[in-house]
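Below you'll find the structure, written out as structure tokens, and then a few comments.
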Amino acid sequence: MNDSALITTGLPIALAIIMFGLGLSLTTDDFRRVSRSPRAVVVALVLQVLVLPLIAFGLVKLFDLDPLLAVGVMLLAASPGGTTANLFSHLFRGDVALNITLTAINSVLAAITVPIITNLAIDHFDAQGDLGLQLGKVVQVIAIVLIPVAVGMAVRRRSADFAARADRPVRIFSILVLVIVSVGALLGERENLADYMQQVGLVTGVFCLASLTLGYAGARLLRLDKRQAIASSMEVGIHNTTVALTIALSVLDSTEVAIPSAVYSVLMYVLATAFGYLITRRHSDAEKNLHQPTG
């Protein structure tokens, strides 16, 4: 799978189109919105950029993963929130404007944090013989993440109508690419799949639930409102796994590193739906009890 033109050329192009679509949904106002709700933005970003990699590292150590799978989990933890987080936030009545702002900032930060965390993981887990994210590859990561977003934003500034028309097709394309690549990565390692699922299935499931819970509970503990807490939960818990898969398969040239992200991309939809339903149901039950007549 690693050597096919679909992965080496097609996947980076597909990711560029996805990130271009993300850019079409952003304006410079989305970055300026930080000043309107700085606490909410700082909470979610600290959780995503600093706390999640620490949790992932702890899980990798606890479950004693093979080096390449361990690097894959760390790459997953470093990957930014995706536009899917905005969709889930909308479904569960979160603050979608906050999600858009976080996605915008995360996409910029990811160009720096993903190479740093991935390189640290490669060094720590002694995977240098198999992997390497040298300067040239770091530049490649920055290019496929940042340039298409900037181009998409420029296009939106010139033609908001085109951006609105392109939004739905690009979203559908994003989901199709994610499904195809995830299934392809899993099938590419089908001989080891049962072993990998046993090793990373539980790790990625626990990591997903921890991310969703941390995003929500951390926001509530710091007295953010319900809608902001839901937005934080979805942004922290739902990753842009297409970024992680592209880096694993096209940049690092390793299907094994891609496995955790491929598994996570399936689990996160199920777990985020269940989590969103749980927190919104609890909230509606609490409201019913509050408004119930007494005596």
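T204 places a side-chain N or O within donor-acceptor distance of the main-chain N or O of G201, the cut-off being under 3.5 Å. A side-chain donor-acceptor contact under 3.5 Å links S211 to the backbone of F207. Without hydrogens or angle criteria, S89 side chain to A85 main chain gives no donor-acceptor distance under 3.5 Å. For the pair N99 (side chain) and A231 (backbone), a donor-acceptor distance under 3.5 Å is present. A donor-acceptor contact shorter than 3.5 Å links the side chain of Q48 to the backbone of E235. In this structure, T101 contributes its side chain and A97 its backbone to a donor-acceptor pair below 3.5 Å. When atom types are taken as modelled, the side chain of T246 and the backbone of T242 share a donor-acceptor pair closer than 3.5 angstrom. For the pair S232 (side chain) and G215 (backbone), a donor-acceptor distance under 3.5 Å is present.
Contact of the L212 side chain with the V236 side chain is not registered, since no non-hydrogen atoms from C-beta on lie closer than 4.5 Å. In this structure, L87 and I238 have side chains that are not in contact, with every pair of non-hydrogen atoms separated by 4.5 Å or more. In this structure the side chain of L91 never reaches within 4.5 angstrom of the side chain of M234, judged on heavy atoms. The closest side-chain heavy-atom distance from Y216 to I230 is below 4.5 Å. Side-chain atoms of L75 and I117, non-hydrogen and from C-beta on, never get closer than 4.5 Å to each other. Side-chain contact between Q199 and I259: absent, with no pair of heavy atoms (C-beta onward) separated by less than 4.5 Å. The shortest distance between side-chain heavy atoms of L54 and V51 does not fall below 4.5 Å. Within the 4.5 Å cutoff, no side-chain heavy atoms of D225 are placed close to those of D95.
Hydrophobic clustering (ILVMFWY, side-chain heavy atoms < 4.5 Å, transitive): L209 and V270 are in distinct clusters. With hydrophobic clusters built from ILVMFWY side chains whose heavy atoms lie under 4.5 angstrom apart, I105 shares a cluster with M19. A chain of hydrophobic side-chain contacts below 4.5 Å, direct or via other Ile, Leu, Val, Met, Phe, Trp or Tyr residues, connects V114 to L109. Residues F92 and Y269 fall within the same hydrophobic cluster, defined by Ile, Leu, Val, Met, Phe, Trp and Tyr side chains chained together at heavy-atom separations under 4.5 Å. Note: the hydrophobic cluster containing V108 also contains M153 (ILVMFWY, side chain heavy atoms under 4.5 Å, direct or indirect links).
Ring planes of H124 and F57: perpendicular class, angle over 60° (limits at 30 and 60°). H239 and Y264 have perpendicular rings, their planes meeting at more than 60° on a 0 to 90° scale where under 30° would count as parallel.
Contact detail for A78 and T113: the closest heavy-atom pair is O-OG1, 4.2 Å. A pairwise comparison of heavy atoms in P53 and A77 identifies CA-CB, 4.1 Å as the closest pair.
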Donor-acceptor list for residues 62-70 side chains, cut-off 3.5 Å, not counting sequence neighbours:
none

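A distance of 10.0 Å separates CG of L221 from CZ of R223, quoted to the nearest 0.5 Å. Distance check: L278 CG to L271 CG gives 12.0 Å after rounding to the nearest 0.5 Å. How far CZ of F162 is from CG of L24: 6.0 Å, rounded to the nearest 0.5 Å. Distance check, rounded to the nearest 0.5 Å: NZ of K226 to CZ of R93 gives 11.0 Å. Atoms OG1 and CZ, from T273 and F88 in turn, are 3.5 Å apart once rounded to the nearest 0.5 Å. Here the OG atom belonging to S254 is positioned 13.0 Å from the CD1 atom belonging to I247, to the nearest 0.5 angstrom.
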Item to check | side chain to side chain contact (heavy atoms under 4.5 Å, CB included) between L102 and V41, worked out | outcome: CA-CA 7 Å; L102 289 169; V41 172; 4.1 Å; yes
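When each of S265, C208, S261 is checked for a side chain to side chain contact (heavy atoms under 4.5 Å, CB included) with L76, only S261 meets the rule.
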